[in-house]
Amino acid sequence: MKYVAIDFETANSSPLSACSIGVAVFEENKPVREYVHLIRPPKEHGKFHWYNIRIHGIKPSMVAHAPTFDELWPDLQQDIEGNLIVCHNAMFDTAVLCKLMEYYQIPIPPFTYVCTVKISQKIWPEMENHKLDTVSEDLNIRLDHHEALSDARACGLILAHALEEVHCDTVEDLAEHIGMRIGKVTAEERVSCSTAEEIRRKIESQKKKESSRKRYYAYRRAQKANQSAKVKGGNDHE
């Protein structure tokens, strides 16, 4: 089984400000190829915030001559397209990936993805929290936190530990075992990686919103009906 763990670091809160990507390719639950790239963000989205610099240590001068994401894409495509992507907090990393492709008008390739935050929450609920550094420490995974390649490698190893913990050979089996939907991205649609509880809460929330909307419009119709009745009643007395 092959999967590809990725991690982005950003210059600021914009997903288009990606300034580094780490990639770790796994086969049979072991890393077989790894690489990391600095990325030069677009000028209009690339102002570095001091807080982000403090987190990952990447400064504007370090990416001044780095390739832009579209220049890196030919190297990344072989590991993204058609593969299972693994991220710790996949909502963030997959959003960065898709936003960058949209910005540079790169056709979004199909891929599936899973989130190791959600996986670790289900398999090791007793952990103090499920941040990457906490999970890595508990599983004895070496981590240079917020260095993109180290984060990507740790993420991939967390998935390997999870598969071993529940005796599953594939991510599909793991997802079924813990009640999780595998995320999917294509040019036409995006399906989030979600647990059964999250899906149920979303459905219940949608039902509540729809019920509230119906009550509101029923109330508005009743108000209009009462106003019409009052106007008609006043006209009848004239």
Side-chain angles (χ1 to χ4, degrees), residues 1-10 13-18 20-29 31-35 37 39 41-42 45 67-122 148 151-152 155-156 158-160 162-163 168-203 205-206:
M1 181 184 68
K2 178 181 178 180
Y3 58 88
V4 181
I6 69 170
D7 179 78
F8 281 102
E9 300 297 329
T10 59
S13 60
S14 170
L16 291 173
S17 72
S20 180
I21 182 173
V23 179
V25 181
F26 281 69
E27 292 182 5
E28 305 307 321
N29 299 337
V32 296
R33 186 161 54 86
E34 303 176 337
Y35 54 94
H37 288 294
I39 305 171
H45 299 282
T68 54
F69 179 81
D70 58 324
E71 293 171 334
L72 287 174
W73 176 245
D75 294 333
L76 299 170
Q77 185 174 5
Q78 63 175 330
D79 292 323
I80 301 295
E81 187 169 7
N83 284 320
L84 173 69
I85 305 303
V86 185
C87 320
H88 203 77
N89 188 12
M91 183 178 294
F92 170 79
D93 292 287
T94 58
V96 171
L97 178 62
C98 290
K99 289 291 186 182
L100 285 167
M101 287 190 285
E102 289 170 352
Y103 177 85
Y104 288 107
Q105 299 182 340
I106 299 169
I108 295 178
F111 63 88
T112 54
Y113 70 93
V114 292
C115 176
T116 49
V117 172
K118 298 180 189 297
I119 290 171
S120 59
Q121 286 172 337
K122 296 292 289 185
D151 283 4
C155 173
I158 289 170
L159 178 58
L163 288 162
C168 288
D169 295 325
T170 68
V171 170
E172 289 77 12
D173 290 342
L174 172 66
E176 183 177 358
H177 180 83
I178 65 176
M180 186 184 73
R181 179 178 66 192
I182 295 174
K184 180 173 70 172
V185 173
T186 68
E188 294 76 28
E189 66 171 340
R190 295 178 195 177
V191 178
S192 65
C193 172
S194 302
T195 62
E197 292 89 343
E198 289 172 327
I199 294 171
R200 184 168 56 251
R201 286 198 299 268
K202 185 175 181 179
I203 291 172
S205 176
Q206 289 172 339

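Position 1 is the first residue of the sequence; numbering continues from there. None of the values given here were measured: they were computed from a predicted structure.
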Using the salt bridge (charged side-chain N to carboxylate O under 4.0 Å, His left out) criterion, which residues pair with K184? Sequence neighbours excluded. E189
Heavy-atom closest pair (C87 atom, A90 atom, distance to 0.1 Å) is CB-CA, 3.6 Å
4.5 Å side-chain heavy-atom contact, R181 and V191: yes
Closest approach of V185 and C98, non-hydrogen atoms and distance? CG1-SG, 4.0 Å
Which residues pass the salt bridge (charged side-chain N to carboxylate O under 4.0 Å, His left out) test with E71, sequence neighbours left out? none
For Y113 and N83, does a side-chain donor sit closer than 3.5 Å to a side-chain acceptor? no
Counting only heavy atoms not in Q77, do more than 12 sit closer than 6.0 Å to its CD atom? yes
Between D151 and H88, is the side-chain contact (heavy atoms from CB on, under 4.5 Å) condition met? List the steps. CA-CA 8 Å; D151 283 4; H88 203 77; over 6 Å; no
Test of understanding: with side chain to side chain donor-acceptor pair (under 3.5 Å), list the residues that count as partners of T94, not counting sequence neighbours. none
What residues, two or more places apart in sequence or in another chain, satisfy side chain to side chain contact (heavy atoms under 4.5 Å, CB included) together with D75? none
Short question: side chain of T10, backbone of S13 - any donor-acceptor pair under 3.5 Å? no
Measure from the side-chain N and O atoms of T186 to the backbone N and O of E188, and report whether any donor-acceptor pair falls under 3.5 Å. yes
Give the intermediate values and the outcome of side-chain contact (heavy atoms from CB on, under 4.5 Å) for residues C193 and M180. CA-CA 7 Å; C193 172; M180 186 184 73; 3.8 Å; yes
How far apart are the closest heavy atoms of L72 and I39, and which atoms are they? CD1-CG1, 3.7 Å
How long is the gap from CD1 on I158 to CD1 on I119, to the nearest 0.5 Å? 9.5 Å
So how far is it from T112 OG1 to L84 CG, rounded to the nearest 0.5 Å? 4.5 Å
About how many Å separate CG of L97 and CG of L76, when rounded to the nearest 0.5 Å? 8.5 Å
Chi angles and distances behind the side-chain contact (heavy atoms from CB on, under 4.5 Å) call for V4, V86: CA-CA 6 Å; V4 181; V86 185; over 6 Å; no
Which residues share a salt bridge (charged side-chain N to carboxylate O under 4.0 Å, His left out) with E102, sequence neighbours left out: R190
Are side-chain heavy atoms of T68 and Y104 found at a separation under 4.5 Å? yes
Closest heavy-atom contact between D173 and D169? OD2-N, 4.3 Å
Residues in side chain to side chain contact (heavy atoms under 4.5 Å, CB included) with H45, at least two apart? S14, L16, P42, Y103
Out of the candidates Q121, K118, K122, only one should pair with I178 under the side chain to side chain contact (heavy atoms under 4.5 Å, CB included) rule; please name it. K122
Please identify each residue that fulfils ring pair (Phe, Tyr, Trp, His ring centres under 6.0 Å) with Y3, with sequence neighbours left out. F26
Heavy-atom closest pair, residues S17 and P41: O-CG, 3.7 Å
Side chain to side chain contact (heavy atoms under 4.5 Å, CB included) partners of P109, counting only residues at least two apart: W73, I80, E81, M101
In terms of heavy-atom contacts, V96 and A18 come closest through CG1-CB, 3.9 Å
Rounding to 0.5 Å, atoms CG (L159) and CG (N29) come to a distance of 7.0 Å
If you measure from CG on D79 to CD1 on I85, what distance do you get to the nearest 0.5 Å? 7.5 Å
Quick one: pull up CE in M1 and SG in C168 and give me the separation to the nearest 0.5 Å. 9.5 Å
Under the side chain to side chain donor-acceptor pair (under 3.5 Å) test, residues paired with S120 that sit two or more places apart: none
Can you tell me which residue pairs pass the salt bridge (charged side-chain N to carboxylate O under 4.0 Å, His left out) test with a partner in residues 89-98, sequence neighbours excluded? none
Which residues satisfy the side chain to side chain contact (heavy atoms under 4.5 Å, CB included) test with M91, sequence neighbours excluded? N89
Taking only residues two or more places apart in sequence or in another chain, which ones pass salt bridge (charged side-chain N to carboxylate O under 4.0 Å, His left out) with E28? none
